[in-house]
Undergrad: 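Here it is: the structure, laid out below.
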Amino acid sequence: MSETLKTVPLNDVHQQLGAKMVPFAGYNMPVRYSSDLDEHHTVRRAVGIFDVSHMGEFRVRGPQALPLIQRVTSNDASKLTPGKAQYSCLPNQEGGIVDDLLVYMLGEEDYLLVVNASNIEKDWNWIQQFNQDGAELQNVSDDISLFAVQGPKAIAALQPLTETDLSSIPYYSFVQGTFAGAPDVIISATGYTGAGGFELYVPNEHAQQVWEKIMEAGQPHGLKPIGLGARDTLRLEMGYCLYGNDITDETSPLEAGLGWITKFTKDFTNADNLKKQKDAGVERKLVGFLMDGPGIPRGHYELVNEAGEKIGDVTSGTQSPSLSKGIGLGYVKTELSTPGSKIFVQVRGKQLPATVVKLPFVKGTEEA
């Protein structure tokens, strides 16, 4: 563990905006500027900007780039074309997940992998061990700032800053070009909120200029800076997995409902064992559940059946700002994973009833 927290390039800007800063994934990060509730509703109803520059980015280039990516990721990256992105994961040898990530195809033999901040070194070492044929690998995590502008008014807020027609960029697609006067910005129609919007990969030297221009252009649309607190409630309402909580080195992508990014049409790490697991059926599944009454589920709370027998654990939980109800994700035995199943959450010695529901909890504006 490092004694000193790393900072994002705009650390001082966030402090000037009055952000409450907290340690997160080895970085000093803004958790909120006003209140989690206000920031959550701002993104769902208008538009907000997150600084998520702590995320990691690796460039993978050369004739061996695609073979390496195919070897280490579960999804089929051969389906990508320049300007397209893909959600994927890095399976380990034991049936779990090293990390989940985004794979961007920037051009022929040129890819960008976007990984979780807490796993940058772990992922880098993991991928390197499979790079025996000489793909060109470069860790550019410290050179790139990443801003997520999310919400139904994101296009209106950002369009004045670029000549690119933002409404013409399909979900999980991107363009590279000038944005807010900065060159070489990746404008990606992706996000972690379900509210629509874009993620902007900006060279660090232009980060402050781009941030300030977004804040200015977004003002008429109600844009506000948003912290990690609201980011968590937004992603949880969509049922999006968080690495370290809902997916880990011990959770299989099939158990986590990520069969759709696990493609057995190619060979990848631990593919044979995962295929056997798919054919046999998993014994537990990650589900979303809604509290029947009062009560807020939290990570590591026990899930039990009607008889009080343990059937799993809560991996993520919160009070949903959109639903004003407790929601959670957790692993349960497969026979209790069907929507409508009744389960109970152990909250301070009480068994509080909950119902398994189909995800997402809240309808998003995006189409997967």
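When reading the values below, keep in mind they use all heavy atoms of this one structure, side chains included, and skip hydrogens, waters and symmetry mates.
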Undergrad: Write down the atom of Phe58, the atom of Ser141, and the distance for their closest heavy-atom approach.
TA: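 Nearest heavy atoms, Phe58 then Ser141: CE2-OG, 4.1 Å.
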
Undergrad: Nearest 0.5 Å please: distance from the CD atom of Glu302 over to the CD1 atom of Ile311.
TA: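 Separation between the atoms: 10.5 Å.
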
Undergrad: Any chain of hydrophobic side-chain contacts (each under 4.5 Å) joining Ile186 to Leu158?
TA: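 Each belongs to a different hydrophobic cluster.
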
Undergrad: Going from NZ on Lys213 to CG on Leu161, what distance comes out if it is rounded to the nearest 0.5 angstrom?
TA: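 CG of Leu161 is found 7.5 Å from NZ of Lys213.
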
Undergrad: Tell me the closest heavy-atom pair linking His54 and Val8, and the distance in Å.
TA: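 Looking at all heavy atoms of both residues, the closest pair is N-CG1, 3.9 Å.
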
Undergrad: So, using salt bridge (charged side-chain N to carboxylate O under 4.0 Å, His left out) as the criterion, who are the partners of Arg235 when residues are at least two apart?
TA: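 Asp232, Asp246.
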
Undergrad: For residues 350-362, run the donor-acceptor check on the side chains, cut-off 3.5 Å, and write out each pair with its distance to 0.1 Å, sequence neighbours left out.
TA:
residue, atom, partner, partner atom, Å
Thr355, OG1, Asp292, OD1, 2.8
Thr355, OG1, Lys342, NZ, 2.6

Undergrad: Quick one: CG on Leu286 to OG1 on Thr251, what's the gap to the nearest 0.5 Å?
TA: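 If I round to the nearest 0.5 Å, the distance is 8.5 Å.
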
Undergrad: If you draw a 6.0 Å radius around CD in Glu283, do more than 12 non-hydrogen atoms from other residues or ligands fall strictly inside?
TA: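 No.
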
Undergrad: Does Glu94 use its side chain to pair, donor to acceptor, with the backbone of Glu250 at less than 3.5 Å?
TA: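 Checked: no pair found.
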
Undergrad: Val210, Ile169: one ILVMFWY side-chain cluster at the under-4.5 Å cut-off?
TA: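 They do share one cluster, since a chain of ILVMFWY contacts under 4.5 Å joins Val210 to Ile169.
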
Undergrad: How would you list, by chain and number, every residue that makes a side-chain contact (heavy atoms from CB on, under 4.5 Å) with Ala46, sequence neighbours excluded?
TA: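 Ala46 satisfies side-chain contact (heavy atoms from CB on, under 4.5 Å) with Lys153 only.
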
Undergrad: Looking at residues at least two apart in the chain, or sitting in another chain, which of them share a salt bridge (charged side-chain N to carboxylate O under 4.0 Å, His left out) with Lys79?
TA: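 Testing Lys79 for salt bridge (charged side-chain N to carboxylate O under 4.0 Å, His left out), a comparison that skips the adjacent residues, returns Asp76.
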
Undergrad: Are more than 12 heavy atoms, taken from residues, nucleotides or ligands other than Lys333, located less than 6.0 Å from that residue's NZ atom?
TA: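 No, the 6.0 Å shell around NZ holds no more than 12 heavy atoms from other groups.
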
Undergrad: Check whether more than 12 heavy atoms from other residues, nucleotides or ligands sit under 6.0 Å from atom CD of Gln15, and answer yes or no.
TA: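 Yes, the 6.0 Å shell around CD holds more than 12 heavy atoms from other groups.
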
Undergrad: Taking Glu39 for the side chain and Tyr33 for the main chain, is one N or O donor matched with an acceptor at less than 3.5 Å?
TA: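 The answer is yes, because a donor-acceptor pair under 3.5 Å joins these two groups.
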
Undergrad: Does Asp110 use its side chain to pair, donor to acceptor, with the backbone of Arg61 at less than 3.5 Å?
TA: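 No, Asp110 side chain to Arg61 backbone: no donor-acceptor pair under 3.5 Å.
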
Undergrad: Does Glu237 have any side chain to side chain donor-acceptor pair (under 3.5 Å) partners at least two apart in sequence or in another chain, and if so, which?
TA: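 Only His40, Arg44, Ser320, Ser322 meet the side chain to side chain donor-acceptor pair (under 3.5 Å) criterion with Glu237.
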
Undergrad: Excluding sequence neighbours, so at least two apart, what forms salt bridge (charged side-chain N to carboxylate O under 4.0 Å, His left out) with Asp184?
TA: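 Asp184: no salt bridge (charged side-chain N to carboxylate O under 4.0 Å, His left out) contacts found.
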
Undergrad: Please check this pair: side chain of Ser337 against backbone of Arg284, looking for a donor-acceptor N/O pair closer than 3.5 Å.
TA: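 A pair under 3.5 Å: no.
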
Undergrad: Side chain to side chain donor-acceptor pair (under 3.5 Å): which pairs involve residues 270-281, sequence neighbours left out?
TA: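 Those involving residues 270-281 are Ser252-Gln277, Asn270-Asn273, Lys275-Asp279.
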
Undergrad: Using modelled atom types only, decide if a donor and an acceptor are shared between the side chain of Ser188 and the backbone of Glu199 within a distance under 3.5 Å.
TA: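 Flag not set: sc Ser188 to bb Glu199 has no pair under 3.5 Å.
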
Undergrad: For Pro294, enumerate each residue passing the side-chain contact (heavy atoms from CB on, under 4.5 Å) test, keeping only those at least two apart in sequence or located in another chain.
TA: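 Testing Pro294 for side-chain contact (heavy atoms from CB on, under 4.5 Å), a comparison that skips the adjacent residues, returns none.
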
Undergrad: Within a radius of less than 6.0 Å around CD of Glu163, do more than 12 heavy atoms belonging to other residues, nucleotides or ligands occur?
TA: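 Incorrect, the count does not exceed 12.
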
Undergrad: List, by chain and then residue number, the residues other than Ile296 in its hydrophobic cluster (Ile/Leu/Val/Met/Phe/Trp/Tyr, side-chain heavy atoms under 4.5 Å); write none if there are no others.
TA: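 For Ile296, no cluster forms, as it stays isolated from other hydrophobic side chains.
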
Undergrad: Quick one: pull up SG in Cys89 and CG in Leu101 and give me the separation to the nearest 0.5 Å.
TA: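 Cys89 atom SG to Leu101 atom CG measures 8.0 Å (nearest 0.5 Å).
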
Undergrad: Could you give the side-chain donor-acceptor pairs of residues 126-137 under 3.5 Å, partners two or more places apart or in another chain?
TA:
residue, atom, partner, partner atom, Å
Asn131, OD1, Ala135, N, 2.9
Asn131, ND2, Ala135, O, 2.9
Gln132, NE2, Gln129, O, 3.0

Undergrad: Does a donor on one side chain and an acceptor on the other come within less than 3.5 Å for Thr315 and Asn245?
TA: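 Distance-only check fails for Thr315 and Asn245.
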
Undergrad: Tell me whether Asp99 contacts the main-chain N or O of Tyr243 through its side chain, where contact means a donor paired with an acceptor under 3.5 Å.
TA: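 Checked: no pair found.
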
Undergrad: Determine which pairs satisfy ring pair (Phe, Tyr, Trp, His ring centres under 6.0 Å) with at least one residue from residues 85-108, sequence neighbours left out, and list them in order.
TA: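 Listed once each, the pairs are Tyr87-Trp260, Tyr104-Phe174, Tyr104-Tyr201.
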
Undergrad: How far apart are the closest heavy atoms of Val47 and Ala154, and which atoms are they?
TA: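 Closest heavy-atom pair between Val47 and Ala154: CG2-CA, 3.7 Å.
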
Undergrad: Verify the distance criterion only: is there a donor paired with an acceptor across the side chains of Thr193 and Arg231 at less than 3.5 Å?
TA: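 No - no donor-acceptor pair under 3.5 Å links their side chains.
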
Undergrad: How close do Asp249 and Val98 get, counting heavy atoms only, and between which atoms?
TA: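 The answer is OD1-CA, 3.8 Å.
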
Undergrad: Scan side-chain atoms only and decide if Ser53 and Asp51 contain a donor-acceptor pair under the 3.5 Å cut-off.
TA: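 A pair is found: one side chain offers a donor N or O, the other an acceptor, under 3.5 Å apart.
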
Undergrad: Which residue pairs satisfy the side chain to side chain donor-acceptor pair (under 3.5 Å) criterion with at least one member in residues 216-230, sequence neighbours excluded?
TA: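 Applying side chain to side chain donor-acceptor pair (under 3.5 Å) to every pair that reaches into residues 216-230, excluding sequence neighbours, yields Asp38-Lys224.
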
Undergrad: Just by distance, no angles: are the side chains of Asn75 and Thr73 close enough, under 3.5 Å, to form a donor-acceptor pair?
TA: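 Side chains of Asn75 and Thr73: no pair found under 3.5 Å.
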
